[in-house]
Amino acid sequence: LLPRTLTRLHDHFVYGCITKALEIQQPPQPPVVGGRGRRVGLLGSLPGHAQDLLNQICQLAYEGLVQGDNVHQNVGEALLMLGLMETVSTLCPDGHTHYFLHKHLQHYLASRHLALITPDDRRTNIIKEASIRMAPVLQYLAGRIEEEPPSPI
């Protein structure tokens, strides 16, 4: 099946990057139902250690957007090996600066952090107070809403 939203397209891209980087040899499994009946999706089928790394990079993406910064330093080697960031040599103290491959990828990962990690009450406040730079994150967040099948009348 082809992804029907940009959010789902990013799900497949990130899944491919992570499974390749960590050499995970498992076929994609069907979406899993998580807490409160939520569909966890393709990335929910990743093993625990990959989930942990995904959660960390999503948090990094979110925190960078909140702080208005797309430059990251002191990023762990495990996160860099996922292939979702690039490294540029700089005159910084550690000699390297890290960026997400694309700003849209950072927005997508930040939306995943909001959707799956942030508690509902805090997420509501974040959405209410969202700045203009968070607008793309809200678009990806909206893309996480599953299409409901039409109800029989």
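Along the sequence shown, residues carry numbers from 1.
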>> For a quick test of reading the model, state the closest non-hydrogen atom pair linking G44 to R112 and the distance between them.
In response: N-NH2, 4.5 Å
> What do the steps show when you test Y62 against L109 for side-chain contact (heavy atoms from CB on, under 4.5 Å), and what is the final call?
Replying inline: CA-CA 7 Å; Y62 173 75; L109 292 169; over 6 Å; no
> Taking H10 for the side chain and L6 for the main chain, is one N or O donor matched with an acceptor at less than 3.5 Å?
Replying inline: yes
>> If you compare all heavy atoms of A61 against all heavy atoms of A110, which two are closest, and at what distance to 0.1 Å?
In response: CB-N, 3.9 Å
>> Less than 4.5 Å apart, side chain to side chain, heavy atoms only: is that true for L60 and M85?
In response: yes
>> Which heavy atom of V137 sits nearest to which heavy atom of S111, and what is that distance?
In response: O-CB, 3.5 Å
>> Under the side chain to side chain contact (heavy atoms under 4.5 Å, CB included) test against I57, which residue among L84, L105, V14 passes?
In response: L84
> Under 4.5 Å between any side-chain heavy atoms of Y15 and D11, yes or no?
Replying inline: no
>> Walk me through whether Y99 and T87 qualify under side-chain contact (heavy atoms from CB on, under 4.5 Å).
In response: CA-CA 7 Å; Y99 300 89; T87 302; over 6 Å; no
>> Check whether T7 reaches the backbone of Y140 with its side chain - one donor and one acceptor, N or O, closer than 3.5 Å.
In response: yes
>> For C58, is there any backbone N or O sitting under 3.5 Å from a side-chain donor or acceptor partner on Q106?
In response: no
> side chain to side chain donor-acceptor pair (under 3.5 Å) with E86: which residues, sequence neighbours excluded?
Replying inline: none
>> Nearest 0.5 Å, please: how far is CG in L46 from CG in L53?
In response: 10.0 Å
>> Test of understanding: with ring pair (Phe, Tyr, Trp, His ring centres under 6.0 Å), list the residues that count as partners of H102, not counting sequence neighbours.
In response: H104
>> Minimum heavy-atom separation for H107 and P136, please, with both atom names.
In response: ND1-CB, 3.3 Å
> In Å, rounded to the nearest 0.5 Å, how long is the span from CG of L9 to CZ of R4?
Replying inline: 14.0 Å
> L82 and L54: side-chain contact (heavy atoms from CB on, under 4.5 Å), yes or no, with the steps?
Replying inline: CA-CA 9 Å; L82 295 179; L54 177 60; 5.8 Å; no
